[in-house]
There are 2 protein chains.
Amino acid sequence: MAEKQTPRERRRARTAQAILDAALAIIAEQGLQALSIREIAQRIEYSPSGLYEYYASKDEILDALIAQGLAQLNEMLAHVPSGESASEWLFAIGEAYLAFAREHEQLYALIFGHIFSPSGLVTSLDQLQHNSAYGQLRHCIQTGVERGAFILPSGESIEQQVYSTWALLHGLAMLRMTRVSAVTGIDAINQQVLRSAFAHLNRA
Amino acid sequence: MAEKQTPRERRRARTAQAILDAALAIIAEQGLQALSIREIAQRIEYSPSGLYEYYASKDEILDALIAQGLAQLNEMLAHVPSGESASEWLFAIGEAYLAFAREHEQLYALIFGHIFSPSGLVTSLDQLQHNSAYGQLRHCIQTGVERGAFILPSGESIEQQVYSTWALLHGLAMLRMTRVSAVTGIDAINQQVLRSAFAHLNRA
DNA sequence: TGCTATTACCGAACAATGTACGGAAAAAGT
DNA sequence: ACTTTTTCCGTACATTGTTCGGTAATAGCA
């Protein structure tokens with residue numbers, strides 16, 4: 001399990017992570033279009049060409065950023081306590097999802113702007129299925145159904161329910177970014193929408 | 001209403017549109033990252049610098065492309081026949097929305113990848129509210145409620161219902177792009193999800 | 001019809017970007 | 001101590017968006 005790390009490997013992993021941290025900071029501060037190899041290099045006091053010892057291209061840096069972001073989201077959702085009722089659990093997961101999208105706007109936009117659209121990483125297939133929000137959602141809903149807390153609308157499979165739940169969450173997260181709904185209280189509204197949407201799952 | 005168009009203005013509008021057409025073709029064929037000023041110029045047999053007589057920057061071209069795409073989507077949804085029951089109408093609108101996203105993948109990704117995220121056009125506020133999918137959805141749902149065909153879950157406003165409906169549609173459209181669900185029959189599944197989601201609106 | 005001002009377009013050049021390459025310094029392995 | 005590998009850098013190159021001055025075409029007007 002614990003593979004030996006030579007000091008060299010440790011140092012290498014550290015600067016590789018420093019690159020990602022710098023990149024993420026730039027994106028969070030100035031947006032994706034401001035991310036350049038030279039900016040990253042300057043922040044970690046490297047020469048631009050030095051980065052290529054760690055990542056073969058800018059795209060590879062973005063991919064690593066996305067993978068890390070997905071892992072972080074996954075961990076957040078995995079740590080949502082499942083003690084309460086399945087209904088509350090699902091709601092809490094939904095809230096955590098929206099919170100992640102809210103607190104990491106640029107990262108969230110990067111993730112779901114690169115996974116979708118052309119040449120989306122093939123890895124993202126596994127990512128979405130087993131290692132991220134989608135998997136967490138399915139786990140929660142499936143558990144709820146097995147416990148008898150959730151009732152699926154007739155003719156609907158669990159997969160379908162997970163699918164539409166995720167679609168709703170993602171749509172809410174995206175719509176929030178537009179600030180169209182700067183009508184104040186957008187987050188409260190989102191909560192209400194979640195409650196109402198999930199209410200249909202509860203058995204009468 | 002009909003402002004006089006001098007021949008000069010007509011010609012100008014024509015090449016301005018030719019630029020957009022070329023840009024859209026490039027995006028549809030090779031994706032957004034392949035869109036360059038020089039490629040556009042070559043297709044319409046102009047010099048790269050010639051384009052700047054019509055658009056001040058590449059971003060301005062993208063903005064125009066987005067505006068045109070939103071208008072097209074709006075028109076598609078507006079032409080969905082409202083003759084049938086409100087329920088069928090809403091379903092047809094949802095299907096038309098997903099069809100647009102499916103048949104114009106790159107354009108759809110461009111639109112909702114630029115409207116969201118930083119420095120999203122402020123104009124998009126009006127766009128979304130009055131002149132696009134959001135407005136069409138609200139119109140349909142509102143009509144349904146007024147006719148008594150739709151029943152809102154207690155405590156939910158129309159705005160909320162429109163909001164979550166759009167979120168669901170957008171999420172489904174985005175999720176489809178991942179091809180994660182290349183399980184075949186994704187479109188049929190989407191239809192089922194729509195039916196099930198909208199079913200909650202019908203009065204018993 | 002001629003003169004003038006505006007418009008349309010081009011070629012060349014510039015700055016910023018991602019990236020390849022060769023070499024130097026440092027570290028590791030023997 | 002010598003060799004090999006790993007890091008890192010300086011330089012250079014191609015491609016990008018964009019600017020600028022100039023030239024041809026057109027429109028407006030006398």
Side-chain angles (χ1 to χ4, degrees), chain A residues 3-27 29-66 106 110 113-114 118-119 121, chain B residues 3-27 29-66 106 110 113-114 118-119 121:
Chain A
E3 292 135 18
K4 286 279 172 58
Q5 288 242 350
T6 85
R8 203 196 197 106
E9 287 168 332
R10 202 166 17 244
R11 171 172 168 77
R12 184 175 177 83
R14 190 147 38 92
T15 74
Q17 183 59 45
I19 292 176
L20 294 189
D21 291 344
L24 188 57
I26 294 170
I27 290 181
E29 290 167 15
Q30 318 181 37
L32 179 60
Q33 91 291 337
L35 180 72
S36 75
I37 295 286
R38 283 173 172 81
E39 251 295 307
I40 300 177
Q42 193 170 339
R43 296 217 182 191
I44 66 170
E45 294 177 295
Y46 266 52
S47 159
S49 53
L51 302 198
Y52 286 83
E53 197 71 34
Y54 297 87
Y55 297 96
S57 67
K58 186 184 181 181
D59 273 314
E60 212 167 271
I61 294 181
L62 288 182
D63 289 352
L65 230 40
I66 290 173
Q106 304 285 346
L110 169 68
H114 261 69
S119 71
L121 341 173
Chain B
E3 292 137 18
K4 286 278 174 57
Q5 289 244 347
T6 85
R8 202 196 196 99
E9 287 168 332
R10 205 170 8 250
R11 172 174 166 76
R12 186 176 175 81
R14 190 146 38 91
T15 73
Q17 182 60 45
I19 291 175
L20 294 189
D21 291 344
L24 188 57
I26 295 170
I27 290 182
E29 291 168 14
Q30 317 179 36
L32 179 60
Q33 91 292 337
L35 180 72
S36 75
I37 296 286
R38 284 173 171 82
E39 251 294 308
I40 300 177
Q42 192 170 340
R43 296 217 184 191
I44 65 171
E45 294 177 294
Y46 265 52
S47 161
S49 54
L51 303 198
Y52 287 82
E53 198 70 33
Y54 297 87
Y55 298 96
S57 68
K58 185 184 180 182
D59 272 314
E60 211 168 270
I61 296 181
L62 288 182
D63 288 352
L65 230 39
I66 290 174
Q106 304 284 346
L110 170 68
H114 261 69
S119 72
L121 341 173

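We name chains A, B, ... by the order of the sequence lines, and we start the count at 1 in each one.
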**Q** Which parts of nucleotides 17-25 of chain C does protein reach within less than 4.0 Å, heavy atoms only, written one letter per nucleotide 5' to 3' as B for base, S for sugar-phosphate only and - for none?
**A** BBBBB----
**Q** NA contact type, A/Y54, heavy-atom cut-off 4.0 Å: base, sugar-phosphate, or nothing?
**A**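 It contacts sugar-phosphate atoms only.
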**Q** Give the rounded distance in Å between these two atoms: CZ of B/R12 and C1' of C/dC9.
**A**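 Value for this atom pair: 12 Å.
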**Q** Along DNA chain D, 5' to 3', what are the outermost nucleotides having an atom less than 4.0 Å from a heavy atom of chain B?
**A**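 Contact span on the strand: D/dT16 to D/dA27.
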**Q** For A/I44 and A/L51, what are the C-alpha separation, side-chain angles and deciding distance, and is it a side-chain contact (heavy atoms from CB on, under 4.5 Å)?
**A** CA-CA 10 Å; A/I44 66 170; A/L51 302 198; 3.7 Å; yes
**Q** So, do A/Q17 and A/R14 sit near enough that their side-chain heavy atoms are less than 4.5 Å apart?
**A**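 The answer is no, as the side chains (C-beta and beyond) never meet within the 4.5 Å cut-off.
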**Q** Could you check whether B/E45 gets within reach of a base, just the sugar-phosphate, or nothing at all, counting any heavy atom under 4.0 Å?
**A**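 Sugar-phosphate: the residue B/E45, judged by heavy atoms under 4.0 Å, touches backbone atoms but no base.
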**Q** Does a side-chain heavy-atom distance below 4.5 Å link B/R43 with B/E39?
**A**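 They are in contact (side-chain heavy atoms under 4.5 Å apart), so the answer is yes.
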**Q** Just checking B/E29: does its CD atom have more than 12 heavy atoms from other residues, nucleotides or ligands closer to it than 6.0 angstrom?
**A**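 Above 12, so yes.
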**Q** Restricting to nitrogen or oxygen on both sides, can you table the protein-nucleotides 26-30 of chain C pairs closer than 3.5 Å?
**A**
| residue | atom | partner | partner atom | Å |
| --- | --- | --- | --- | --- |
| C/dA28 | O4' | A/R8 | NH1 | 3.1 |

**Q** Going by the side chain to side chain contact (heavy atoms under 4.5 Å, CB included) test, name the single residue among B/L20, B/L62, B/D63 that passes it with B/Y55.
**A**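 Single pass found, and it is B/L20.
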**Q** Are the side chains of A/Y46 and A/I19 in contact, using a 4.5 Å heavy-atom criterion?
**A**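 Side chain of A/I19 against side chain of A/Y46, heavy atoms only: no contact under 4.5 Å found.
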**Q** Does B/I61 reach the side chain of B/L35, with side-chain heavy atoms less than 4.5 Å apart?
**A**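 Contact flag for B/I61/B/L35 side chains = no.
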**Q** For B/Y55 and C/dC9, what is the distance between atoms OH and C1' respectively, to the nearest whole Å?
**A**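 For the pair B/Y55 OH and C/dC9 C1', the rounded distance is 17 Å.
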**Q** Give, for atom NE2 of A/H114 and atom CG of A/L110, the distance between the pair rounded to the nearest 0.5 Å.
**A**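 Here the interatomic distance stands at 6.0 Å.
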**Q** Hey, what do you get for CD (B/Q33) to CD1 (B/I27), rounding to the nearest 0.5 Å?
**A**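 Output value for this atom pair is 10.0 Å.
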**Q** More than 12 heavy atoms of other residues, nucleotides or ligands under 6.0 Å from CD of A/Q42: is that the case?
**A**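 Atom CD in A/Q42 is not packed in, count stays at 12 or less.
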